[in-house]
Trainee: 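The structure under discussion is supplied below as structure tokens; questions concerning it will follow.
Lettering follows sequence order; numbering is per chain, from 1.
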2 protein chains.
Amino acid sequence: MKNGGLKLDERDLRILAILQTEGRITKTELAERVNLSPTPCWSRLKRLEKIGLIEGYRAKIALKRFGLTMVFMEAELESHRAADFARFEAEMRQIPEITGCWSVGGGIDYLIQVMVKDVDTYQRLVDRLLERGIGLKRYYTYVVTKAIKEDSPPPLERLRAAD
Amino acid sequence: MKNGGLKLDERDLRILAILQTEGRITKTELAERVNLSPTPCWSRLKRLEKIGLIEGYRAKIALKRFGLTMVFMEAELESHRAADFARFEAEMRQIPEITGCWSVGGGIDYLIQVMVKDVDTYQRLVDRLLERGIGLKRYYTYVVTKAIKEDSPPPLERLRAAD
DNA sequence: CTTGAAACAAAAGAGAA
DNA sequence: TTCTCTTTTGTTTCAAG
């Protein structure tokens, strides 16, 4: 079962949707917004955290202001054995500049999101990866010149509750 | 000036780095972690919010648990006049399923991140875009089969403070 | 679900290093 | 200034109905 066998009602979804954009709202105000008194709202929230639907809370930092450059990289591996994928993925997880990595179908193996000080730093990172013999065969680089939209919360409320 | 002419010291960076992963930490604990008493820590925090370095707070929701599918799309526009870009970008911003959109160099014009219930819904969304006469010439679809890493906070502490 | 009370955190001021 | 300390106000948590 997708949600660990737990059902979510409209209010739970509303709570999630609110927290998705206002992670530091007070529990009192959250309760008001979903038309509940603080206590039941609080126990719903606890439940949502406990079953892992809320994975944590984060401040959204204006990374642009630090002059960080975003680069996307399409990567293809030399060999497609399970062990090679595993090694590559372990490497991805370890590198802090790599902020996202997804395995995708359609010719390329991985789509990788990188945040670096500048393109030079990116190139050094790639060189390090290549030297490392991690199975990287081919890669394409796409330097982001403008962010039109980023981390925009997906519409939870349109979703059906739980299975 | 990149940071609005405001300087950040080690403590400010530390505060940002902590909030980036623990967005709901209490101000008292935050103060302890940066070796300050609550008040000065609180005013630093206020300042960081005020100058826009902290854009907000968000709960991280386990979207997988909702059975959402992530799709990346590379898009190329028919025409490259400023007005065409603007129209396309305005459209991107309006569609809630589009959670990310970056303008990139290197052959393709945009890299677009989409969150949908299933691939079918994605296809309908693309059809809608095409019908709309929004200038979309060619697109490539990459369905995410596995997230190795996602929204991993970039290393702020390595950065030089401010200019 | 509601009330209510004890424990805790946030916010703001007064003043010392 | 920038911090520590203290007070007031508001929030969180949980026990009992």
Trainee: In terms of side-chain heavy atoms of Ser37(B), which of dC1(C), dA9(C), dC3(D) is nearest?
Mentor: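 Looking only at heavy atoms from C-beta outward on Ser37(B), the closest nucleotide is dC3(D).
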Trainee: Checking salt bridge (charged side-chain N to carboxylate O under 4.0 Å, His left out) between Asp9(A) and each of Arg44(A), Arg47(A), Arg14(A), which is the one that passes?
Mentor: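 It is Arg44(A); the other options fail the test.
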Trainee: Using a cutoff of under 3.5 Å, can you pull out all pairs of nitrogen or oxygen atoms linking the protein to nucleotides 13-15 of chain D, with atom names and distances?
Mentor:
residue: dT13(D); atom: OP2; partner: Lys27(A); partner atom: NZ; Å: 3.4
residue: dT13(D); atom: OP2; partner: Trp42(A); partner atom: NE1; Å: 2.6
residue: dT13(D); atom: O5'; partner: Trp42(A); partner atom: NE1; Å: 3.4
residue: dC14(D); atom: N4; partner: Thr39(A); partner atom: OG1; Å: 2.8

Trainee: Can you tell me how the ring of Tyr110(A) sits relative to the ring of Phe85(A), calling it parallel under 30°, perpendicular over 60° and tilted otherwise?
Mentor: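 Judged by the thresholds at 30° and 60°, the geometry between Tyr110(A) and Phe85(A) is perpendicular.
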Trainee: Separation of Asp12(A) atom CG from dC1(C) atom C1', in whole Å?
Mentor: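 Rounded to whole Å, this separation is 15 Å.
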Trainee: Say you draw a straight line from CD of Gln20(A) to CG of Leu13(A); how long is it, rounded to the nearest 0.5 Å?
Mentor: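 Reported to 0.5 Å precision, the distance equals 10.5 Å.
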Trainee: Any side-chain donor-acceptor pair under 3.5 Å between Gln113(A) and Trp102(A)?
Mentor: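 Side-chain D/A pair, Gln113(A) to Trp102(A): absent.
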Trainee: Are Asp151(B) and Arg58(A) close enough for a salt bridge, meaning some N to O gap below 4.0 Å?
Mentor: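 Salt bridge flag = no for Arg58(A) with Asp151(B).
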Trainee: Nearest to the Thr28(B) side chain among dT2(C), dA9(C), dC1(C), which nucleotide is it?
Mentor: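 Closest of the options to the side chain of Thr28(B): dA9(C).
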Trainee: Just checking, any donor-acceptor pair under 3.5 angstrom between side chains of Tyr122(A) and Thr69(A)?
Mentor: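 Thr69(A) and Tyr122(A) do not have a side-chain donor-acceptor pair below 3.5 Å.
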Trainee: Counting side-chain heavy atoms from C-beta on, which of dT12(D), dC3(D), dA10(C) comes nearest to Arg24(A)?
Mentor: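 Within the option list, the nearest is dA10(C).
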Trainee: Compute the bend angle of the helix from dC1(C)-dG17(D) to dA17(C)-dT1(D) from the end axes (five pairs per end), rounded to 10°.
Mentor: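 Between the first-five-pair axis and the last-five-pair axis there is 30°.
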Trainee: Look at Arg44(B) and dC3(D) and indicate whether a side-chain polar atom (N or O) is within less than 4.0 Å of OP1 or OP2.
Mentor: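 Checking dC3(D) against Arg44(B), a side-chain N or O does come within under 4.0 Å of OP1 or OP2.
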